[in-house]
Amino acid sequence: MKAKLIKVLEQVVSDLISQGSLPEMTVPEIQIERTKDKAHGDFACNIAMMLARPAKMNPRLIATQIIEALPEVDFITQVDIAGPGFINFTLTANSAQQIVKDVLAAGNQFGRNDLGKGKRVQVEFVSANPTGPLHVGHGRGAAYGSVVSRLLMEVGFDVHREYYVNDAGRQMDILATSVWLRYLAACGEEFTFPSNGYKGDYVLDIAASLKADCGEDLRRTSADVFANVPTDEPDGGDKEQHIDGLIVNAKSSLGDAYSTVFDLGLSSIIAGIKSDLEDFGTEYDEWFSERSLMASGDVDKAVEQLKASGDIVEREGAWWFKSTDYGDEKDRVVVRDNGQTTYFASDIAYHLNKFNRGFDTVIDVWGSDHHGYIPRVKASLTAMGQDAERLKVLLVQFAVLYRGEEKVAMSTRSGQFVTLKELQEEIGKDAARFFYVLRGADQHMDFDLELAKSQSNDNPVYYVQYAHARVCSVFRQLKDRGLSWEKTQGEQNLTRLSESHEQALLTSLSRYPEIVTSAATNYTPHILAHYLMDLARDFHTYYNAHHFIVDDVELSQARLTLITAVKQVIENGLAIIGVDAPDTM
RNA sequence: GCGCCUGUAGCUCAGUUGGAUAGAGUACCAGUUUCCGAAACUGGGGGUCACAGGUUCGAUUCCUGUCAGGCGCACCA
């Protein structure tokens, strides 16, 4: 309807210009928006005010001319001038009611469109290091990434969801060594656990299953394990050198068996992450391994390509990517002087790999602490002849955890954190997802655990779910009374929906497709969550003001038809967010 | 010091891409159930949109500066 109106107005303005009623000028893009206040009709247009300056005419005068020249439009009943020169349009009652039929006809497809035209989009999100279970900080990225993915599917993109597994590198060696040390302790060896090792309970669990698998085959004496290892930090040494020394000893004394420990640690943690995400309503199409990227030679190839183009040069024994040539603030090391490639080298290869897989758009969802990383990744893509604009990095700000007034410190290393699993068990998947998605991603978020736990009934998600359950309850009541809903009869009597509460609901329903499109194209799931709360409120208000099962059969059927449409839209919206729409609470 | 994000009601946050009298939730106060679920509804108070300039018909929104908070500035990942 909006688009139709815009077309009509464009025609009118260009006619006025050719008639000489308006001077020659370039006409700005015509915008139609929904009014905030019902007194201003349903749609408003500000074109008269936009034209006032170039035309050097009074905006109200221009508006008058436009209205006079306006042809009949079938779904508009009234056109007014208001304020400084707004043109307000009021819809006919018929066109407002049409939305109910549209919703019921489309069912769970209502809200979908083909804006994306099947273009392929990759969304990579969470991608936390597999060195421990996911914690609540990852939850926000998981909720955000998965809802953005679903929104993009809803508007017609072919979406590929991916988790990048950082299964290479030093952190993984620290994990493997931590597991082995816990295993040795379980075998009876006595020593002080390194301050920089992973101390979480999950490491103990993995060590226990290692012992169950291998018995004491991997046992070495603690004297051997700690031989020639620099002292740890608490003893006046360096914790990094201490743990690196332990890694070296682990690799040499275990030999081939080291990979047994390493792989058990990795696979245990990945399995845990997968099941935590699944429980959290977050699915993936692919788990992409960093090691596979190295094994395939992609990392070396990417580095060679950039060496050939002169973008990677040797300096002080290391190889540097000259990202300053592309606007970054400093150059970045890709191959260290010890010959090892950096994480950034893998990332260059990974992003090239993504682009080569033929995605039209590549989306990375990152924690905001990685924002400094964007220029160098884009720079590397540009250097390799790719269009860096195709990469969109969406930053998610941190959720700061509180227990009441007290801030919760989180560290994977010390093992003191609240896991995503724990959060789910405390407040449930639905509440957690809705809560995370309720705020804009670029908004710093305070997440008070006490509040989320103790007042979980006040969580907005229940408000929306309750609206859905209430509709279901009405239909249970209908059945109990031996009555039934006749869709055809209801649709024929939609003109009976004349109460202000009903008008408000019709307007809210008609907004849904625009909300989905806007949420998807702007990557802003929170506006969908807010919309659902608004719709639920409109429904609850209506519920309290009017009865649906009434003696007037035609009116009753019309109302039942309306609330069925409301139920459908709530279902569709909640499905995108990944929250259940229960029939009873 | 430089860069990114943020600053809106006591608190947590929206604000439809620059529009009309800045809105919700929560908290507080006062009300609403013989009737489809009160996890609901109705009403009330509460604001220098951090501050100062600028752009224009019009600024919470865009630009500049100042102040405040978060994060980042490794041959770590």
Side-chain angles (χ1 to χ4, degrees), chain A residues 31 33-37 39-40 44 46 48-50 52-53 58-59 82-86 88 128-129 131 166 168-172 174 240 290 315-320 329-330 332-344 346-347 367-375 395-398 400 438-448 451 455-460 462-463 465-467 469-478 480-481 511 514-515 518 522 524 526-527 529-531 533-534 536-537 539-550 556 559-560 563 584-585:
Chain A
Q31 297 168 354
E33 56 195 12
R34 285 182 182 276
T35 54
K36 288 177 192 167
D37 189 339
H40 299 138
N46 60 359
M49 291 176 310
M50 310 259 299
R53 187 172 172 79
N58 181 326
F86 287 102
N88 292 338
N129 284 347
T131 52
N166 293 117
R170 179 166 167 266
Q171 296 303 320
M172 287 307 300
I174 295 178
E240 305 291 349
E290 182 185 1
R315 206 179 292 156
E316 296 158 9
W319 289 85
W320 300 70
E329 47 189 35
K330 55 178 80 165
R332 312 290 175 177
V333 171
V334 286
V335 185
R336 294 198 287 257
D337 56 9
N338 64 9
Q340 285 186 331
T341 55
T342 60
Y343 177 88
F344 178 47
S346 296
D347 248 350
S368 61
D369 57 333
H370 284 67
H371 68 81
Y373 218 76
I374 299 171
L395 295 177
V396 179
Q397 294 291 330
F398 284 150
V400 182
L438 201 52
R439 307 300 178 212
D442 55 5
Q443 194 66 234
H444 302 274
M445 191 169 103
D446 289 347
F447 199 134
D448 186 342
L451 196 72
Q455 301 191 359
S456 61
N457 280 354
D458 290 336
N459 200 302
Y462 294 105
Y463 185 80
Q465 289 181 317
Y466 182 44
R470 256 189 162 174
V471 175
C472 295
S473 174
V474 169
F475 281 88
R476 282 193 295 272
Q477 183 71 28
L478 188 72
D480 288 350
R481 297 192 196 176
R511 284 175 59 212
E514 294 164 27
I515 292 288
S518 172
N522 296 313
T524 49
H526 71 276
I527 70 171
H530 282 271
Y531 166 80
M533 290 172 65
D534 288 343
R537 178 168 36 252
F539 172 76
H540 287 309
T541 304
Y542 180 38
Y543 181 98
N544 272 61
H546 299 285
H547 279 244
F548 310 140
I549 305 173
V550 291
S556 185
R559 287 180 172 173
L560 291 170
I563 65 170
T584 59
M585 301 286 289

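Just so we're on the same page: letters track the sequence lines, and every chain starts at 1.
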Contact class for [X] (heavy atom, under 4.0 Å): base, sugar-phosphate, or nothing?
{"X": "A:N88", "value": "base"}
{"X": "A:F344", "value": "nothing"}
{"X": "A:Q31", "value": "nothing"}
{"X": "A:H370", "value": "base"}
{"X": "A:N46", "value": "base"}
{"X": "A:S473", "value": "base"}
{"X": "A:F475", "value": "nothing"}

[X] [atom1] to [N] [atom2]: how many Å, rounded?
{"X": "A:R34", "N": "B:G19", "atom1": "CZ", "atom2": "P", "value": "16 Å"}
{"X": "A:H444", "N": "B:C71", "atom1": "NE2", "atom2": "C1'", "value": "7 Å"}
{"X": "A:L395", "N": "B:U6", "atom1": "CG", "atom2": "C1'", "value": "13 Å"}

Next item on the list: Let me have RNA chain B in dot-bracket notation, would you? Count Watson-Crick plus G-U wobble pairs, both distances under 3.5 Å, and use [ ] for pairs crossing earlier ones and | for inter-strand partners.
Entry: (((((((..((((.....[...)))).(((((.......))))).....(((((..]....))))))))))))....
Note to self: Quick check on B:U17: syn or anti? Syn means the glycosidic torsion is within 90 degrees of zero.
What the structure shows: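 Syn, which is what one calls it when the glycosidic angle falls within 90° of 0.
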